[in-house]
Amino acid sequence: MILKIIYQLILLFISLLLVYDVFKEKTRMLQLTAALALIPFILRLLMIK
Amino acid sequence: MLPEITYFIIMLVVFILAAMWWKLPIGISLILASIAGALASGDGIPIRHLVEGTFAYLDPILIIATAMIFMGALRRSGALGSISRLIIIKLHKQPFWLVIFITLFIMFPGMITGLSTATVLTTGALVAPALMMLGIPRVTVAAIIAMSAIYGMIAPPINIPAMIIGGGVDMPYIGFELPLLFATLPLAIGVNLSLGYKYLRKIDIENIQTKLGEDYVAKYGIRLFLPLIIVVVLMLGIRILPQYFPNLGVPLIFMIGSLVALICGEKFNFFKISHKAIQEALPVIGILVGIGMFIQIMTLNGVRGMLVISSLSTPSVWRYVSMGVMIPLFGAVSAYGSASVLGVPFLLAFLGQNEIIVGSALSLLTGLGDLMPPTALAGIFAAQVVGEENYFKVLRVTLIPAIATALWALAMIFFANQLGAFL
Amino acid sequence: MTNLLKNKNIFPILSLLVAAVIGTIAANQFLFMRKEQPLHPSPALSKIEKLSVYNPNLTGTHGDTDVYFFDSGNPGGTVLILGGTHPNEPAGFMTAYLFLENCELSAGRLLIIPRANASAFTHNDPMEGQPQFITIDGKNGKRQFRFGSRITNPIDQWPDPEIYLHYPSGQKLAGNETRNLNRSYPGKPNGSLTVRVAYAIVNLINTEHVDVAFDLHEAAPEYPVVNAIVASERSQDIASEAAMMLEFEGIRYSLEPSPYNFHGLSHREWQDETRTFPILLETANPVQGRLRGRSDEALIITGKDKMYLRAAALGELHVPFDENGIPLEMRVARHVAAVQKIIATFSEYHPESAIEVNGIPAYEEFLENGLQNYF
Ligand SMILES: [Zn+2]
């Protein structure tokens with residue numbers, strides 16, 4: 001249970017890094033990659049999937 | 001002709017067009033190919049399937065992301081450079097033992113975690129600067145790291161592809177230690193000696209010593225290596241004394257190591273190195289997201305089954321060729337995927353042979369999948385670790401070792417019963 | 001805000017919006033799987049209990065599920081039927097549903113846990129490309145049944161360890177098997193959700209003095225143990241007698257002993273931890289196999305698959321497979337026949353603990369009327 005919360009924090013941290021990265025990537029396609037990669041992170045973070 | 005062949009060709013053509021022609025990132029190309037495959041088979045754009053596929057490699061993505069952060073932290077704290085210093089100073093006089101030590105050293109995290117990427121990014125990254133300074137060309141260094149990482153992942157005690165293959169036929173993961181050692185150790189030592197030894201016989205230590213960076217060990221003492229020690233102890237602890245060590249999982253262990261590095265050496269900005277790590281890992285994260293989608297759609301529209309049944313359809317001797325080619329090839333989408341999708345049916349096809357030997361050898365073949373583009377996780381990260389932009393150059397050096405590995409695995413399957421008698 | 005809306009930020013914001021839309025659509029479909037479709041128990045029902053009665057640590061979790069009690073009021077033994085240990089094995093849970101909605105009892109008790117791993121019903125396995133539901137056009141109209149995953153939802157149990165160490169044997173399996181109910185027995189009162197469910201079931205078997213316990217499964221046609229009755233040492237005799245009788249009726253079952261060295265399996269641990277007669281049943285289901293072609297609802301219902309036809313021609317399968325496929329109806333019929341035969345055989349051997357379940361069709365009758373007639 002505690003472990004799950006810790007892992008959600010890790011997910012949150014990496015999700016934030018990815019959101020930041022969407023704005024920092026140089027090419028549009030890498031920006032899009034970062035945005036799409038966020039989907040599973042956010043859905044797991046919200047405990048939907 | 002089966003319609004599945006058409007779907008497959010459509011998916012491949014879209015992928016190749018996107019990746020080679022439009023120069024899109026591999027991840028995006030895989031997503032486009034998945035959508036094309038679903039449209040071709042009349043499934044429209046099945047959002048649920050597409051998104052579900054992205055979850056396939058969520059845990060590996062977490063491991064890669066946190067391993068990259070850990071490596072960044074070790075580099076900035078000064079630990080990375082200092083390890084190279086130590087290796088060079090202590091071992092440059094005995095090149096043979098240097099190779100043996102480096103081989104086992106790189107393999108170690110792979111042996112206890114069963115993860116090739118974590119291996120490349122930890123011990124691989126630790127020895128890379130030293131090997132380059134000792135005069136081994138950097139693509140060769142990357143090849144040594146990539147191959148050792150794969151052997152480490154397959155070597156006992158932990159081999160996840162073997163567990164997946166065994167799990168598929170309800171075979172417990174028992175008695176694999178010797179067969180897996182036999183499958184990996186001779187190859188690892190042989191391959192690394194043949195790749196590296198010739199450069200190490202004439203080491204110009206005077207020249208190298210001038211290039212060695214600052215000696216942070218003198219400044220921080222053993223504390224410098226504390227993050228590394230903690231990571232090793234936590235990883236080993238859960239394997240050796242599972243009743244006393246909490247099962248933290250590899251991502252958390254790497255995060256702990258990274259945080260500890262903050263106070264054990266040169267100062268650095270944690271957010272900055274983390275962002276840099278994610279940025280470096282993004283293409284691979286994209287690939288893993290895309291590949292999950294790709295397989296999900298291939299499974300939905302029957303292409304996967306078509307590929308599996310085609311690989312099984314080959315008669316006697318050709319079945320070995322088909323195994324040696326198809327399992328690594330399918331490993332392009334990840335060694336684990338290959339273990340599950342092809343490893344299990346092939347093991348079933350060889351039922352009656354010594355199953356532990358066959359399973360071990362099949363797991364070795366799946367390991368080669370980590371060299372197969374476009375994912376080529378071991379190759380990509382090994383290239384990154386040595387600072388080589390074009391990972392295909394690394395793959396070229398690994399070609400002969402990879403072929404030797406495949407032949408070794410096939411020979412093990414062919415002689416499974418004889419080997420089983422004494423392993 | 002104006003800062004954020006600079007030109008160079010437009011594409012990133014658009015990308016995030018696209019991701020948000022896709023994520024939301026998918027999230028809705030994922031969440032829909034959490035909704036339980038109603039089952040309609042037969043009038044013989046005496047009570048519904050929660051599984052958490054047998055392990056309070058399940059209360060309020062997605063692992064808690066209904067246990068249906070059918071009591072004849074007459075003396076006799078107790079039978080337990082588990083469906084949905086693996087919710088991607090529809091003949092397993094559909095057979096449990098069939099007993100639940102059609103049974104009448106004249107001796108002993110029948111306990112049914114139709115969704116043994118309730119959490120695993122709430123999601124699907126990534127990369128398997130399988131449908132979320134199967135639809136049966138039953139006598140009272142169309143009914144949807146969830147088709148789930150082999151393992152517990154990661155929402156309820158995450159992260160997986162790299163290696164699953166079975167409790168208490170210490171046996172090692174791949175990490176995600178830690179969410180496999182049929183690798184988690186005998187379980188323990190606290191621990192992972194799956195292990196808690198396993199413990200509750202073992203505790204129920206002991207508390208309710210279950211005489212015969214069925215765990216209903218399906219397996220891939222290329223898998224060696226298929227169309228099989230798996231029996232532990234205690235249930236060998238009954239199982240072999242029943243298998244012989246079924247063979248007379250043209251229903252072929254192989255008899256497999258419960259392996260000694262493979263821990264966590266229901267039959268293995270029920271033998272060692274309880275006094276019940278454990279039985280696990282397997283039918284052949286192409287939708288689980290690695291050789292299958294298109295993975296859709298039709299494959300589940302009809303069991304027809306051209307890739308498996310090719311596999312059969314290659315001699316890779318352990319069951320006969322032709323262009324008629326192995327329809328769900330046939331797979332359920334086999335389970336129903338085997339369960340009935342084993343109950344009858346047990347009752348014959350142990351008349352003081354006889355159980356008599358009526359209202360369930362015989363094999364031929366069932367195939368004649370069709371699956372839809374019983375739902
Ligand atoms: Zn099952």
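The sequence lines fix the lettering, A, B, ..., with proteins before strands; numbering per chain opens at 1.
Between chain C and the options Ile160(B), Ile297(B), Asn247(B), heavy-atom pairs under 4.5 Å are most frequent for Asn247(B). Ranked by non-hydrogen atom pairs under 4.5 Å with chain B, the options Ile163(C), Ile22(C), Leu265(C) are led by Ile163(C). Contact count versus chain B (heavy atoms, under 4.5 Å) is highest, among Ala26(C), Gly170(C), Pro159(C), Pro154(C), for Ala26(C).
No side-chain donor-acceptor contact under 3.5 Å links Arg292(C) to the backbone of Gly305(B). Side-chain atoms of Thr299(B) come within 3.5 Å of backbone N or O of Met127(C) as a donor-acceptor pair.
Between Met307(C) and Val308(B) there is no side-chain heavy-atom pair separated by less than 4.5 Å. A 4.5 Å side-chain heavy-atom check between Phe30(C) and Val51(B) finds at least one atom pair inside the cut-off. With a 4.5 Å cut-off on side-chain heavy atoms, Ile309(B) and Lys306(C) do not count as touching. Using a 4.5 Å heavy-atom cutoff, the side chains of Glu52(B) and His123(C) are not in contact. By the 4.5 Å heavy-atom criterion applied to side chains, Leu348(B) and Glu316(C) are not counted as neighbours.
With a threshold of 4.5 angstrom between heavy atoms, Leu312(B) approaches chain C through its backbone and through its side chain. Both the backbone and the side chain of Ser41(B) come within contact range of chain C, with heavy atoms under 4.5 Å apart. Within the 4.5 angstrom heavy-atom criterion, atoms from both the backbone and the side chain of Glu222(C) approach chain B. Heavy-atom distances place the side chain of Gln171(C), and not its backbone, under 4.5 Å from chain B. Looking at Leu291(C), both its backbone and its side chain come within 4.5 Å of chain B, counting heavy atoms on both sides. Proximity to chain B is limited to the side chain of Leu314(C), based on heavy atoms less than 4.5 angstrom apart. For Asp305(C), no part lies near chain B; criterion is any non-hydrogen pair under 4.5 Å. If you measure heavy-atom distances from Leu307(B) to chain C, you find no contacts under 4.5 Å at all. Heavy atoms closer than 4.5 Å to chain C are found nowhere in Asn159(B), neither backbone nor side chain. Both the backbone and the side chain of Val250(B) come within less than 4.5 Å of a heavy atom of chain C. Heavy atoms of Gln132(C) lying under 4.5 Å from chain B belong to its backbone as well as its side chain.
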- Query: Can you check salt bridge (Lys or Arg N to Asp or Glu O under 4.0 Å) on Arg310(C) and Glu4(B), steps first, answer last?
  - Reply: CA-CA 14 Å; Arg310(C) 296 177 66 189; Glu4(B) 284 80 2; over 6 Å; no

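Separation of atoms CG (Asn176(C)) and CE (Met163(B)) is listed at 11.0 Å; rounding is to 0.5 Å. From Gln296(B), atom CD reaches atom CG of Asp125(C) across 9.5 Å, with rounding to the nearest 0.5 Å. One finds the CD atom of Glu128(C) at 11.5 Å from the NE2 atom of His49(B) (value rounded to the nearest 0.5 Å).
Across all non-hydrogen atoms, the minimal contact from Asn301(B) to Arg294(C) is CA-NH1, 3.9 Å. The two residues Pro345(B) and Arg290(C) make their nearest non-hydrogen contact at CD-CD, 3.7 Å.
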